[in-house]
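The structure under discussion appears below in the form of structure tokens.
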Amino acid sequence: MKLNYVKVGDYLLPNLTIESQNNKEINKYGYLRLQYLKGNNKVLYTTLLMKNQLTNHLVSVSIEAENKLNILMKQYKNSDGLLSEKSKMNNQLEWVKLMNNYKNIAEEIILKELIYTESV
């Protein structure tokens, strides 16, 4: 891989650009991963950027996180008998509270396992 350099003042800086690789969108989990890599794992961030794989990595993290969230939410809904349509009609606030609790738990798992990890 050949890098082009641009002279800025007395320094030669590499001209790094990200080429469009995927048509898929990066969701909030992808952007959280990007911020984590920029702030805490600059070596991995720079390596992915120079190999032109950063966008692919962020898209794959986004897809994997979204799939894991859907799976966990289905498991939580099915494991608890309190989330039936009848209970939703009888006590909507309790139902919403349970759903928000389950979503927070699932997001904590995703953040710990997929976003804030050192591995690719």
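Source: prediction; values computed, not measured.
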In this structure, CD1 of Ile109 is separated from CG of Asn104 (nearest 0.5 Å) by 11.5 Å
dist Trp95:CH2 -> Asn100:CG (nearest 0.5 Å) comes out at 9.0 Å
Pairs of donor and acceptor atoms involving the side chains of residues 66-73, under 3.5 Å and at least two apart or interchain, shall be tabulated with distances.
| from | atom 1 | to | atom 2 | distance (Å) |
| --- | --- | --- | --- | --- |
| Glu66 | OE1 | Asn27 | ND2 | 3.1 |
| Asn67 | ND2 | Ile63 | O | 3.3 |
| Lys68 | NZ | Glu113 | OE1 | 3.0 |
| Asn70 | ND2 | Glu66 | O | 3.3 |

* Do the side chains of Asn15 and Tyr5 get nearer than 4.5 Å, heavy atoms only? -> no
In short, salt bridge (charged side-chain N to carboxylate O under 4.0 Å, His left out) pairs touching residues 69-78 with sequence neighbours left out are none
In this structure, CG of Leu54 is separated from NZ of Lys38 (nearest 0.5 Å) by 8.5 Å
OG1 (Thr117) and CG (Leu114) are apart, to the nearest 0.5 Å, by 7.0 Å
Exactly one of Thr46, Thr47, Leu48 clears side-chain contact (heavy atoms from CB on, under 4.5 Å) with Leu37, and that residue is Leu48
One pair to check against side chain to side chain contact (heavy atoms under 4.5 Å, CB included): Glu118 and Leu44. What are the steps and the verdict?
CA-CA 8 Å; Glu118 298 295 323; Leu44 180 58; over 6 Å; no
Rounded to the nearest 0.5 Å, the CG atom of Leu58 sits from the CG atom of Leu34 at a distance of 5.5 Å
Ile110 and Ala65 have their tightest heavy-atom pair at CD1-O, 3.4 Å
Taking it one step at a time, do Leu111 and Leu32 satisfy side chain to side chain contact (heavy atoms under 4.5 Å, CB included)? CA-CA 9 Å; Leu111 291 176; Leu32 286 171; 3.7 Å; yes
Salt bridge (charged side-chain N to carboxylate O under 4.0 Å, His left out) pairs touching residues 97-112, sequence neighbours excluded, are Lys28-Glu107, Glu94-Lys97
Evaluation steps, side chain to side chain contact (heavy atoms under 4.5 Å, CB included), between Asn40 and Tyr45:
CA-CA 9 Å; Asn40 299 312; Tyr45 171 74; over 6 Å; no
* Does Ile115 offer a backbone N or O that forms a donor-acceptor pair with the side chain of Arg33 under 3.5 Å? -> yes
TODO: Test Tyr102 against Gln75 for side chain to side chain donor-acceptor pair (under 3.5 Å), laying out the working first.
DONE: CA-CA 10 Å; Tyr102 291 150; Gln75 288 175 352; over 6 Å; no
